[in-house]
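Side chains are part of it too, since the values below use all heavy atoms of this structure and drop only hydrogens, waters and symmetry mates. Proteins come first, then strands; the chains are lettered A, B, ... in the order of their sequence lines, and each starts at number 1.
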Protein chains: 2
Amino acid sequence: MDLDHAARCLEKLGHPTRLRIIRLLVRAGPDGLSVGAVKEHLGIPASTLSHHIGHLVSAGLIGQERRGRILRCTANYPLLDSVVTLLTEECCTGLTAVRKRAG
Amino acid sequence: MDLDHAARCLEKLGHPTRLRIIRLLVRAGPDGLSVGAVKEHLGIPASTLSHHIGHLVSAGLIGQERRGRILRCTANYPLLDSVVTLLTEECCTGLTAVRKRAG
DNA sequence: ACGATATTTCCAGAATTATCGAAATATTGT
DNA sequence: ACAATATTTCGATAATTCTGGAAATATCGT
């Protein structure tokens, strides 16, 4: 996970609708949710949703598996974790870290 | 820190140049760096840099304090921490968290 | 006041992103 | 084969973002 890859992930996460999608899928657990279920939750047009999901898939932030007519989306926990880790280690290792160590 | 605010911050962090700026300032510590110093490090035109810094300031991710001719920029550690925290708690509280607890 | 340094604002063009209806594709059950 | 459901792709428009040269602004030292 280099800085550019992290930036690409953060860019995708940095849209309200997409951040909601990620939150939904994370909360849904390892089984994730179908595209249709996400659509129900967010109440946005199918084509708009499909584009946003496409962004997230292209960045690897979510995975997809077809089960019959339904396309199941799951959060890529390890990648999300990597992004958070990089953000923490590379970009938050200043005063806050010192404070935390100091208690 | 609600989801929309977090999305705004992530959007700003989600650009390679801006993520580099943040990293520089975080590593620079509480005193931060002048705009000129950041420009030296990144090697980009002043106006381009100024725009990016403007983005970060508007999102509150960095602060500025004028000292004579020099404008000192500092990372907003608490805000960065809030973003990471929200991302962790709201969006990474799935399998990864379970794994971590399990060891 | 002036010249030098630091940084922003103005301006414009190119590129990218967001939105969503309509049409297309994929899959299932009958 | 057909109707129904699930999802994507197409196509078009509007909006936003990115970039950087040139000009403007701010501050300092003399």
Next on the checklist: Just to verify, what does H15(B) make a ring pair (Phe, Tyr, Trp, His ring centres under 6.0 Å) with, not counting sequence neighbours?
Outcome noted: H52(B)

Checklist entry - So which of residues 57-76 of chain B are in contact with DNA chain D, with a heavy-atom cut-off of under 4.0 Å? => result R66(B), G68(B), R69(B)

Item to check | Length of the line joining K39(A):NZ and dT8(D):P, which is rounded to integer Å | outcome: 12 Å

Checklist entry - Nucleotide by nucleotide, 5' to 3', does protein get under 4.0 Å of the base (B), only the sugar-phosphate (S), or neither (-) in nucleotides 13-23 of chain C, counting heavy atoms? => result ----SSBBBB-

Checklist entry - What residue pairs, at least two apart or across chains, pass salt bridge (charged side-chain N to carboxylate O under 4.0 Å, His left out) with a residue in residues 11-20 of chain A? => result R20(A)-D4(B)

Next on the checklist: Check whether S82(B) reaches the backbone of P78(B) with its side chain - one donor and one acceptor, N or O, closer than 3.5 Å.
Outcome noted: yes

Checklist outcome for this item: Residues at least two apart in sequence or cross-chain that pass salt bridge (Lys or Arg N to Asp or Glu O under 4.0 Å) with R72(B), listed by chain then number, are none

Next on the checklist: Please report the interatomic distance SG(C9(B)) to CG(L61(B)), rounded to the nearest 0.5 Å.
Outcome noted: 4.5 Å

Checklist entry - Rounding to a whole Å, what distance do you find between I53(B):CD1 and dA6(C):P? => result 14 Å

Checklist entry - Given the rule that I, L, V, M, F, W and Y join up when any side-chain heavy atoms are under 4.5 Å apart, are I70(A) and L56(A) in one cluster? => result no

Item to check | Worked check of side-chain contact (heavy atoms from CB on, under 4.5 Å) between L80(B) and L87(A) | outcome: CA-CA 9 Å; L80(B) 280 166; L87(A) 206 54; 5.5 Å; no

Item to check | Residues I53(B), L71(B); criterion side-chain contact (heavy atoms from CB on, under 4.5 Å); working and verdict | outcome: CA-CA 11 Å; I53(B) 287 180; L71(B) 197 56; over 6 Å; no

Checklist entry - Starting at CD1 of I21(B) and ending at C1' of dT19(D), how long is that distance when rounded to a whole Å? => result 13 Å

Checklist entry - So, the side chain of T48(B) versus the backbone of I44(B): is there a donor-acceptor pair under 3.5 Å, distance only? => result no

Checklist entry - Do I62(B) and L42(B) share a hydrophobic cluster (ILVMFWY, side-chain heavy atoms under 4.5 Å, transitive)? => result yes

Checklist entry - To the nearest 10 degrees, how far apart in direction are the end axes of the helix from dA1(C)-dT30(D) to dT30(C)-dA1(D), each fit to five base pairs? => result 30°

